[in-house]
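This report concerns only the one structure given below.
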2 protein chains.
Amino acid sequence: MPESKTIAEAALATGLTTHTLRYYEQIGLIDPVPRRGGQRVYGEAEMRFIHFVLKLRCTGMSMRDIQEYVRLRRLGETPESIRERGDLLARHATKLRAQLVDLTETIARLDEKIALYRSIYPDEPLPSPAEPPVAVAPAATPSNRRKHA
Amino acid sequence: MPESKTIAEAALATGLTTHTLRYYEQIGLIDPVPRRGGQRVYGEAEMRFIHFVLKLRCTGMSMRDIQEYVRLRRLGETPESIRERGDLLARHATKLRAQLVDLTETIARLDEKIALYRSIYPDEPLPSPAEPPVAVAPAATPSNRRKHA
DNA sequence: CTACGCCTTCGAGTGCGCTCTAAGTCAACA
DNA sequence: TGTTGACTTAGAGCGCACTCGAAGGCGTAG
């Protein structure tokens, strides 16, 4: 039994609710999950794909685009499907790259402003200086908890 | 006359609608704009601040936090106001940094997937390879056009 | 003087992405 | 056998961030 999960376990593992998992399946954001005795069984492949979808979601890909991607995936490994999927992801990657630029700029500007404020009333040792651009462990990203991400 | 704008001109310059500008003012997302004969006059300071707010918005700061920031700003240059504003921005910057990490990772993963797809059916010369992490001009970011950003 | 743009208030509507309840059924486990 | 958990469909409701329209009034440029 290679790590099969019930819907409740899958919910726990993804940080979603059972409601939301069924909802996602219903609107085609994820493929129909195989059933055993009518109940959904989430295998490793399913879990991996759900995590991928959540990654896309939380980087701002729209439901629509993800639905399209899933639709293409269901068409199988035809040249068209593969190429279109690649294009879809490439378009998203392009958007993300632009976002990255914007984000980097904004952080720099914020850091300036913050430094300004701090220089006026430097009370506590500055917790977020301008130098190290990245300092967060990439591990803990439980993504969507309930109540508006 | 140092570049004063009517609301319509301000709308044009920001890519918002007059509706949205008044709406932002109403909900306290921007300060009340000075009036002349009852009509709003957007000076350079106003325009600069609106652009800053839009920057915050489009990097995902919530309306609530921006409202709070504007509220603090209205309190003037007291130590509390200044410190709290700094903290607010610092918290946002921290979130952005985390986002940056996530984004960078996701782009890398997407590029892998894309390369995979392309390697199966390499038709057109790959327009988005994995190497150059940034290639977009930072200039053209008109931000919120109308119709759901 | 008149037309135009702006003002105000009010309220309805939109799209997204959930979130939850209800009602009734069914299967597996202890 | 009974409880638990999952299933279905259907539908209501919510928070966010707009978006638009209407109605009625007013100031200023041409």
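Residue numbers start from 1 in every chain, and the chains themselves are labelled A, B, ... in the order their sequence lines are given, proteins ahead of strands.
Side-chain contact between B:Glu25 and B:Val33: present, with at least one pair of heavy atoms (C-beta onward) separated by less than 4.5 Å. Contact annotation: the side chain of B:Lys55 never approaches that of B:Met61 to less than 4.5 Å [non-hydrogen atoms, C-beta and beyond].
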Quick tally for nucleotides 4-14 of chain D: nucleotides whose base has a protein heavy atom under 4.0 Å get B, sugar-phosphate-only ones S, the rest -, giving -BSSS------

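The NZ atom of B:Lys5 sits 18 Å away from the P atom of C:dG5 (whole-angstrom rounding). Computed from coordinates, the A:Leu21 CG to C:dC20 C1' distance equals 15 Å when rounded to whole Å. In this entry the distance linking CD of B:Gln67 with P of D:dC18 reads 11 Å, nearest Å. The separation between B:His19 atom NE2 and D:dC20 atom P is 7 Å, rounded to whole Å. What separates CD1 of A:Ile27 from P of C:dG15 is a distance of 16 Å, to the nearest Å. In this structure, the CZ atom of A:Arg64 is 12 Å from the C1' atom of C:dT14, given to the nearest Å.
Across every non-hydrogen atom of A:Leu29 and A:Phe49, the tightest pair is O-CE2, 4.4 Å. Shown here for B:Pro32 and B:Arg74, the closest heavy-atom pair between the two residues is CD-NH1, 4.4 Å.
B:Arg36 has no side-chain polar atom (N or O) that falls below the 4.0 Å cut-off from OP1 or OP2 of D:dT28. OP1 and OP2 of C:dC20 both lie 4.0 Å or more from every side-chain N or O belonging to A:Tyr23.
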Applying side-chain hydrogen bond (donor to acceptor under 3.5 Å, both in side chains) to B:Thr17 and B:Thr20, what does each step give before you reach the verdict?
CA-CA 5 Å; B:Thr17 63; B:Thr20 304; 2.8 Å; yes

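Paired with A:His92 under the rule side chain to side chain contact (heavy atoms under 4.5 Å, CB included), one option of A:Leu89, A:Leu96, A:Leu88 passes, and it is A:Leu96.
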